[in-house]
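Keep in mind it's a predicted model, so treat the numbers as computed, not measured. Values below: every heavy atom of this structure, side chains too, minus hydrogens, waters and symmetry copies.
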Amino acid sequence: EVHLVESGGGLAQPGGSLRLSCQASGYTYSGGCMGWFRQAPGKEREEVATLYSSGTYTKYADSMKGRATISLDAAKNPLYLQIDSLKPEDTAMYYCAADSLARFYQGRWYACSSEFHNWGQGTQVTVSS
């Protein structure tokens, strides 16, 4: 059974940084899709960042471009999400996800399906002064 456990959330000030980690057990990464999502109270879950092929390809939400970095440890576990220049609107529960279909167009990867098979329980990020 696959277990994904997120950590690294907490209270941070605007402009600060956090690094979220996702430790997987019962799961061996084989080059497919992994990602980070978030959900704020009263809002739908949104994709924050995804990666494919061990991080060779990455995709970020427009709101996170230039501020976030998704990466895999060299041992392919854990999965990280570094967020810099935190904003109050980054406040949300952040979830790690593994295994979804990779989307290709003309032979090039462009996205991961949002239908991930495995999800963590989430780690809360609160950005406030």
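Taking each heavy atom of W119 and Y95 in turn, the nearest pair found is CE3-CB, 4.1 Å. Counting all heavy atoms, side chain and backbone alike, Y110 lies closest to K59 at O-CD, 3.3 Å. Taking each heavy atom of A49 and L81 in turn, the nearest pair found is CB-CD1, 4.2 Å. Between M34 and A98 the shortest heavy-atom distance is CE-CB, 3.9 Å. Across L72 and Y29, no two heavy atoms sit closer than the pair CD1-CE2, 3.5 Å. Residues F116 and C33 share a closest heavy-atom pair of CE2-O, 3.6 Å.
W36 CH2 to C96 SG: the interatomic distance, rounded to the nearest 0.5 Å, is 5.0 Å.
In this structure a side-chain-to-backbone donor-acceptor pair under 3.5 Å is missing from Q39 to M93. For S113 (side chain) and E115 (main-chain N/O), a donor-acceptor pair under 3.5 Å exists by modelled atom type.
Note on I70: it clusters hydrophobically with V48, by side-chain heavy-atom contacts below 4.5 Å among ILVMFWY residues. Under the 4.5 Å side-chain heavy-atom criterion for Ile, Leu, Val, Met, Phe, Trp and Tyr, F37 and L4 are members of distinct hydrophobic clusters.
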Using atom types as modelled, flag every donor-acceptor pair under 3.5 Å from a side chain in residues 11-26 to any protein atom, sequence neighbours excluded.
{"from": "S17", "atom 1": "OG", "to": "D84", "atom 2": "OD1", "distance (Å)": "2.8"}

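A salt bridge does not link R38 to E47: none of the charged side-chain nitrogens sits closer than 4.0 Å to a carboxylate oxygen.
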Q.
With side-chain contact (heavy atoms from CB on, under 4.5 Å) as the criterion, how do V5 and Q121 come out once you've worked through the C-alpha distance, each side chain's angles and the decisive distance to 0.1 Å?
A. CA-CA 7 Å; V5 180; Q121 294 299 306; over 6 Å; no
**Q.** Derivation of the salt bridge (charged side-chain N to carboxylate O under 4.0 Å, His left out) call for D90 and K87
**A.** CA-CA 5 Å; D90 292 324; K87 304 176 181 180; over 6 Å; no
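Looking at residues two or more places apart in sequence or on another chain, you find no salt bridge (charged side-chain N to carboxylate O under 4.0 Å, His left out) involving R103.
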